[in-house]
Amino acid sequence: MTELRFYDTLRRDKVAFAPIDPARVRMYVCGPTVYDYAHIGNARPILVFDVLFRLLRHVYGADHVTYVRNITDVDDKINARAAERGITIRQLTEETNAVFQDDVKALGALAPTVQPRATEHIAEMIAIIERLIASGHAYAAQGHVLFSVPSMADYGKLSRRSLDEMIAGARVDVASYKKDEMDFVLWKPSSAAEPGWDSPWGRGRPGWHIECSAMSWKHLGETFDIHGGGVDLVFPHHENEIAQSCCAFDRPVMANVWMHNGFLQVEGDKMSKSLGNFVTIHELLHGTSFGGRSWPGAVLRLAMLRTHYRQPIDWTAKALEEAESALRRFHQAAGSPDGAPSEQLVAALADDLNTPAALAELHALRAAGKADRLAASLALLGLWTPQLYRAEIDPAFAAKVDALIAARLDARKAKNWAESDRLRDELVALGVAIKDGKDGTSWEMKR
RNA sequence: GCGCCCGUAGCUCAACUGAUAGAGCACCAGACUACAGAUCUGGGGGUCAGAGGUUCAGAUCCUUUCGGGCGCGCCA
């Protein structure tokens with residue numbers, strides 16, 4: 001079996017991957033908070049961990065990998081946005097989630113095994129909070145429940161920061177109900193206007209981090225194999241997830257491997273609404289504001305995979321053009337995707353998802369004329385999109401094209417260039433691009 | 001300020017556990033083309049951010065400086 005090695009944020013090193021149960025490899029990735037269109041930065045973990053999911057399925061078998069990616073549908077940003085737009089929270093989260101699902105599908109991401117929603121796991125959240133209170137790791141105060149950070153000896157090990165450092169750097173006023181300024185909210189009270197659920201501490205709603213502890217527990221168990229997300233989540237989100245889960249279940253680890261993708265910039269700048277370079281997945285797929293045109297999902301996907309997932313990535317129109325050019329060439333050289341992918345490509349991915357090396361292998365396969373290997377390798381990466389560049393043409397249309405090409409060849413033999421050009425123009429009008437080569441004339445659909 | 005990640009050809013990145021630094025794109029020149037595109041062949045291009053150290057040997061390991069990113073604010 002292929003040996004997999006992944007960089008573990010907790011150990012700051014690449015480590016050999018050994019699933020707890022090879023018959024059921026379990027991974028959890030923090031999904032979107034559904035209050036607005038997902039931007040291209042949100043797409044990075046989706047794509048990175050989709051490649052990981054595909055790799056694990058390839059190595060352990062498609063039925064032996066469980067991938068959980070949550071939908072966060074309770075959050076104060078959601079409440080604010082719904083109020084702003086004058087719609088219900090449910091309407092907002094349903095609408096936003098539908099767009100998100102369309103977006104990631106267009107990017108070629110497989111559906112995760114489970115996409116749990118936070119609002120459907122309130123009972124699990126309450127159960128975890130009760131365990132934490134019972135074991136002295138949490139306390140209720142003024143309708144809130146807080147996690148007691150000093151109660152956990154090794155708090156901070158994921159982000160490698162000591163409590164002293166954090167306290168020294170703290171800039172926020174400490175709420176009066178906190179026993180320690182580092183304590184964070186597990187549950188907070190809701191006003192009548194805010195969404196809320198009955199709990200032992202009154203009507204309220206969950207804090208930010210508890211949802212992931214609840215959903216990963218429900219769907220993957222107390223300890224599982226891989227937990228992923230963006231680097232920005234290392235602290236405080238993942239640090240606090242670890243605190244909640246490890247203390248609630250009295251376990252030394254929550255997940256055996258913690259993987260984090262790097263950040264994204266747009267044309268060299270931090271992406272922000274104030275800079276006007278904020279770009280959504282939806283706009284890239286359907287609009288024309290980035291690079292003056294829309295882009296197929298597979299192009300966005302290839303552009304994202306050119307950069308190793310832990311490196312910062314600079315999102316540029318030039319990179320998209322290069323990705324499209326490469327993708328077209330791959331498909332023109334590709335054969336049938338039904339066979340086995342390149343072993344070198346699998347080895348590249350097995351080495352901490354080295355997608356740049358995997359892409360180099362795609363180029364090598366193309367250069368070597370290994371058409372079927374190339375197609376199967378594209379498929380493994382989720383880049384096999386023949387409909388884009390090898391349009392399935394109906395036979396009648398193809399016959400018409402062939403007839404026009406034959407007529408054009410006759411005209412050219414007769415040195416009747418005017419007629420030849422006219423026939424070529426007619427083909428162009430049909431959306432066909434012709435190529436005169438050594439072995440006759442071939443053609444393809446223009447994009 | 002503190003913590004973490006990262007600096008390799010014009011651009012995006014390989015080279016992991018040390019041994020003449022590689023690929024794609026871009027560029028240049030040929031081939032093929034009525035022309036062009038596409039394709040094929042070949043080519044130029046790098047004091048591996050800088051400086052020390054360990055070593056027979058360092059892009060790779062250690063120290064340090066400089067530069068960039070992220071976190072320390074419920075912004076992926």
Side-chain angles (χ1 to χ4, degrees), chain A residues 5 7 9 12-14 29-33 35-36 38-46 48 72 75-77 156 158-162 164-173 182 184-185 188 206-211 228-240 260-265 268-273 278 302-303 305-308 310-314 316 318-319 321-326 328-330 332-333 348 351-352 354-364 366-367 412 415-418 420-421 424 433-439 441-444 446:
Chain A
R5 299 177 74 222
Y7 184 88
T9 305
R12 312 283 159 179
D13 198 11
K14 270 195 230 177
V29 173
C30 292
T33 298
Y35 73 105
D36 201 352
H39 56 67
I40 191 61
N42 300 121
R44 197 172 189 192
I46 299 296
V48 164
T72 294
D75 183 280
D76 288 353
K77 287 194 296 293
L158 181 68
S159 51
R160 297 243 170 139
R161 55 181 69 206
S162 70
D164 293 345
E165 284 164 0
M166 287 185 274
I167 290 163
R171 301 181 211 165
V172 279
D173 292 335
M182 287 308 301
F184 59 90
V185 172
K188 55 190 170 185
W208 176 30
H209 318 293
I210 194 68
E211 62 188 78
V231 277
D232 54 304
L233 297 179
V234 171
F235 190 90
H237 186 54
H238 290 166
E239 194 74 75
N240 291 351
H260 293 95
N261 63 272
F263 243 54
L264 175 145
Q265 292 186 283
D269 283 317
K270 180 184 173 77
M271 178 167 66
S272 74
K273 285 176 180 166
F278 195 87
L302 179 57
L305 300 184
R306 298 197 330 159
T307 300
H308 184 84
R310 282 192 283 122
Q311 299 268 19
I313 188 172
D314 189 18
T316 64
K318 180 168 173 284
E321 282 163 12
E322 290 178 5
E324 176 156 74
S325 169
R328 176 178 293 111
R329 288 177 190 214
F330 289 153
Q332 285 167 351
D351 178 13
D352 196 31
N354 192 338
T355 52
L359 297 185
E361 171 63 6
L362 291 181
H363 286 292
R366 172 178 165 279
R412 293 182 62 192
K415 307 259 182 209
N416 186 349
W417 307 124
S420 167
D421 287 350
R424 185 178 62 182
I434 56 171
K435 297 192 295 183
D436 297 328
K438 287 188 189 113
D439 307 318
T441 298
S442 61
W443 60 279
E444 66 185 45
K446 292 193 297 184

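Computed from a predicted structure; not experimentally measured.
Map A/Thr9 and A/Val234 each onto its nearest nucleotide of RNA chain B; the residue landing nearer the 5' end is A/Thr9. Residue A/Gln265 is the one, among A/Asn261 and A/Gln265, whose nearest nucleotide of RNA chain B lies closer to the 5' end (criterion: closest heavy atom).
Here B/rC11 presents its C1' atom at 15 Å from CG of A/Leu359, a figure rounded to the nearest Å. What separates CD of A/Glu361 from P of B/rC13 is a distance of 20 Å, to the nearest Å. Separating the NE2 atom of A/His209 from the P atom of B/rA76 is a distance of 14 Å, rounded to the nearest angstrom. Nucleotide B/rC74 holds its C1' atom 5 Å from the CH2 atom of A/Trp208, rounded to whole Å. Rounding to whole angstrom units, CZ of residue A/Phe263 and C1' of B/rC70 are separated by 7 Å. Look at CG on A/Asn354: it is 13 Å from P on B/rU17, rounded to the nearest Å. Atom CZ of A/Phe184 and atom P of B/rC72 are 15 Å apart (whole Å). The distance from atom CD of A/Glu321 to atom P of B/rC11 is 17 Å, rounded to the nearest whole Å.
A/Arg5 places none of its side-chain heavy atoms less than 4.5 Å from the side chain of A/Asp352. A/Asp76 has its side chain within reach of A/Lys188: a pair of non-hydrogen atoms, C-beta onward, lies under 4.5 Å apart.
Annotation: B/rU12 and B/rG46 have their C1' atoms spaced 16 Å apart (nearest Å). One C1' atom belongs to B/rG1, the other to B/rU60, and the distance between them is 32 Å to the nearest Å. Taking the C1' atom of each, B/rA19 and B/rA59 are spaced 13 Å apart, rounded to whole Å. The P atoms of B/rA29 and B/rC61 are separated by 41 Å, rounded to the nearest whole Å. Distance check on atom P: B/rG67 versus B/rU55 gives 32 Å, rounded to whole Å. B/rC25 and B/rC40 have their P atoms separated by 9 Å, with the value rounded to a whole Å. Comparing the P positions of B/rC32 and B/rU41 gives an interatomic distance of 15 Å, to the nearest angstrom. Between the P atoms of B/rC66 and B/rU20, the separation comes to 32 Å (whole Å).
Using the Watson-Crick or G-U wobble rule with both distances under 3.5 Å, B/rG46 pairs with nothing in any strand shown. Using the Watson-Crick or G-U wobble rule with both distances under 3.5 Å, B/rU63 pairs with B/rA51. B/rU17: no Watson-Crick or G-U partner with both key distances under 3.5 Å is found in any strand. Remark: B/rC4 base-pairs with B/rG69. Criterion, Watson-Crick or G-U wobble with two distances under 3.5 Å. Remark: B/rU41 base-pairs with B/rA29. Criterion, Watson-Crick or G-U wobble with two distances under 3.5 Å. Across all strands shown, the partner of B/rC11 is B/rG24, judged by Watson-Crick or G-U wobble contacts whose two distances both fall under 3.5 Å.
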Report all interatomic pairs (protein N or O, nucleotide N or O of nucleotides 23-25 of chain B) with separations under 3.5 Å.
unit_1 : atom_1 : unit_2   : atom_2 : d
B/rG24 : O2'    : A/His363 : NE2    : 3.2
B/rC25 : OP1    : A/Arg329 : NH1    : 2.6
B/rC25 : O2'    : A/Glu322 : OE2    : 3.3

Review item, nucleotides 19-21 of chain B N/O atoms under 3.5 Å of protein N/O:
none

Would you list the protein and nucleotides 5-8 of chain B atom pairs, both N or O, that sit under 3.5 Å from each other?
unit_1 : atom_1 : unit_2   : atom_2 : d
B/rC5  : OP1    : A/Tyr7   : OH     : 3.3
B/rC6  : OP1    : A/Arg310 : NH1    : 3.4

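Listed pair A/Ser159 / B/rC4 fails the phosphate criterion, with no side-chain N or O lying under 4.0 Å from OP1 or OP2.
For A/Asp36 and A/Lys77, the salt-bridge test fails: no basic side-chain N is under 4.0 Å from an acidic carboxylate O.
A/Phe278 and A/His39 have perpendicular rings, their planes meeting at more than 60° on a 0 to 90° scale where under 30° would count as parallel. Ring planes of A/Phe184 and A/His209: perpendicular class, angle over 60° (limits at 30 and 60°).
Here the closest non-hydrogen pair linking A/Asn42 and A/Ile46 is O-CG1, 3.3 Å. A pairwise comparison of heavy atoms in A/Asn354 and A/Ala357 identifies OD1-N, 3.1 Å as the closest pair. When all heavy atoms are compared, the tightest approach of A/Ile313 to A/Ala303 is CD1-O, 4.0 Å. Between A/Leu302 and A/Ala323, the shortest heavy-atom contact is CD2-O, 3.2 Å. When all heavy atoms of A/Ala358 and A/Ala348 are compared, the pair lying nearest together is N-CB, 3.7 Å.
A donor and an acceptor atom sit less than 3.5 Å apart, one in the side chain of A/Asp351 and one in the base of B/rC16.
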Practice prompt. Any chance you could lay out the side chain to side chain contact (heavy atoms under 4.5 Å, CB included) test for A/Val231 and A/Phe263, step after step, and finish with the verdict?
Written response: CA-CA 7 Å; A/Val231 277; A/Phe263 243 54; 3.9 Å; yes
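With rounding to the nearest 0.5 Å, the separation of CG in A/Leu233 from CD in A/Glu239 is 12.5 Å. To the nearest 0.5 angstrom, A/Arg44 atom CZ is 6.0 Å from A/Thr307 atom OG1. Separation of atoms NE2 (A/His238) and OG1 (A/Thr9) is listed at 9.0 Å; rounding is to 0.5 Å.
Here B/rC75 is the nucleotide among B/rC16, B/rG69, B/rC75 with the atom lying nearest to any side-chain atom of A/Lys77. Nearest to the side chain of A/Ala357, among B/rA14, B/rA76, B/rC70, sits B/rA14.
Heavy atoms of A/Leu362 sit nowhere under 4.0 angstrom from any nucleic acid atom. Among the atoms of the strands shown, only primed sugar atoms or phosphate atoms (P, OP1, OP2) are found under 4.0 Å from some heavy atom of A/Tyr35. Looking at heavy-atom distances under 4.0 Å, A/His39 makes contact with a base.
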